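Below is one structure, written out as structure tokens; comments come after it.
Every value quoted in this text rests on a predicted model; they were computed, and no experiment measured them. In listed order, ligands and their atoms are each counted from 1.
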Amino acid sequence: MLGIIGGSGLTQLANLDVSHREVVRTPYGEPSGPLTFGRIGCRDVAFIARHGHGHTIPPHLVNYRANMHALESSGATAVVSVASVGGIRSDMAPGVLVVPHQIVDYTWGREMTFQSGGDGPVVHVDFTDPYDEEVRRRLLDVARRIGEAVVDGAVYATTQGPRLETAAEINRLQGDGADIVGMTGMPEAGLARELELPYAALCVVANWAAGRADSAHGIRFDSLEAVLQLSMVRIRRIIEGFCAD
Ligand code: HPA
């Protein structure tokens, strides 16, 4: 079964043939909402909206542990995360789809591990390559096959939010090697790795990051919704293709 975590702009999957919804209990508390189970093509899917159904949970308050645990305990064997990001690199314009290959984590104060101490030996999971290469490759291959342009590789800086960054912070992130910036990439990817769940992200650039291009004097929110809506149609097509494989 494929787990799909939907971000801003993707609170439901129109192409999901729903069988049932379930509130999944976890040792880590409540997930962001009920999981929606069903099929896309010939693949069983479990979907969860990261920010809740009405988009009410800000990035720093998402219960990432509960979401990931709920997907795993429900039988997900791989997870695709959909996330909107800001574009830092000059080719990361609004509307670009990208499958990142690396992460820099600037978040703090989030519950970011399943290890609580005292319940077994300490485990240091390998996180050299934070995304699963097979899931990444499949997303990219499907996109190519159906004619959707998707950029292969980007360094995803995960900031704490919920506020957006300053222009100087974006300059610093770029100096650190970041190409895109979002608020939910971590601890999600790290938790998936702890559970040994193959995980990759399909990101849509929603806006230029602070201080860049038309965000030189403030983030332009007016076009953001339109960009997300158009991009989600493309993302649904890629997910459909992914499930048809
Ligand atoms: N910064 C951080 N997170 C984001 C942005 C951004 O500019 N756009 C969408 N998510």
Side-chain angles (χ1 to χ4, degrees), residues 4-11 32 48-52 54-64 67 80-110 112 130-131 150-151 153-191 199-236 238:
I4 300 174
I5 304 177
S8 304
L10 192 74
T11 49
S32 298
I48 186 162
R50 184 185 287 114
H51 301 285
H55 206 272
T56 53
I57 310 172
H60 64 299
L61 295 180
V62 169
N63 191 339
Y64 296 94
N67 288 353
V80 170
S81 151
V82 178
S84 70
V85 294
I88 301 178
R89 203 169 76 198
S90 61
D91 60 331
M92 294 290 158
V96 165
L97 299 185
V98 53
V99 175
H101 73 298
Q102 276 294 337
I103 294 174
V104 182
D105 184 9
Y106 299 92
T107 66
W108 50 269
R110 302 181 180 191
M112 42 40 137
Y131 297 108
V150 177
V151 177
V155 177
Y156 178 148
T158 311
T159 53
Q160 176 70 353
R163 68 162 177 82
L164 291 153
E165 299 73 31
T166 66
E169 284 169 339
I170 293 297
N171 289 340
R172 173 191 166 206
L173 299 185
Q174 186 162 38
D176 286 355
D179 303 309
I180 53 177
V181 55
M183 301 175 188
T184 58
M186 287 296 287
E188 207 170 79
L191 292 165
Y199 169 98
L202 178 54
C203 297
V204 51
V205 180
N207 56 278
W208 283 109
R212 296 285 186 275
D214 70 3
S215 295
H217 303 292
I219 304 282
R220 294 286 298 272
F221 287 108
D222 41 356
S223 52
L224 201 136
E225 276 305 312
V227 169
L228 279 183
Q229 247 177 38
L230 283 175
S231 307
M232 288 309 157
V233 176
R234 301 172 57 206
I235 282 179
R236 285 195 182 103
I238 294 170

In order of chain and number, which residues sit within 4.0 Å of ligand 1 by heavy atom?
S84, V85, G86, L164, E165, V181, G182, M183, N207

Contacts of N207 that satisfy side-chain hydrogen bond (donor to acceptor under 3.5 Å, both in side chains) - sequence neighbours left out:
none

Just to verify, what does Q102 make a side chain to side chain contact (heavy atoms under 4.5 Å, CB included) with, not counting sequence neighbours?
D129, P130, V155

Between E165 and A210, what is the shortest heavy-atom contact and its length?
O-CB, 3.2 Å

Does any non-hydrogen side-chain atom of T159 lie less than 4.5 Å from one of H60?
no

Scan the side chains in residues 225-232 for donor-acceptor partners under 3.5 Å anywhere in the protein, sequence neighbours excluded, and list what turns up.
from: S231; atom 1: OG; to: V227; atom 2: O; distance (Å): 2.6

Let me confirm one number: the CE-CZ distance from M183 to R110, rounded to the nearest 0.5 Å.
9.0 Å

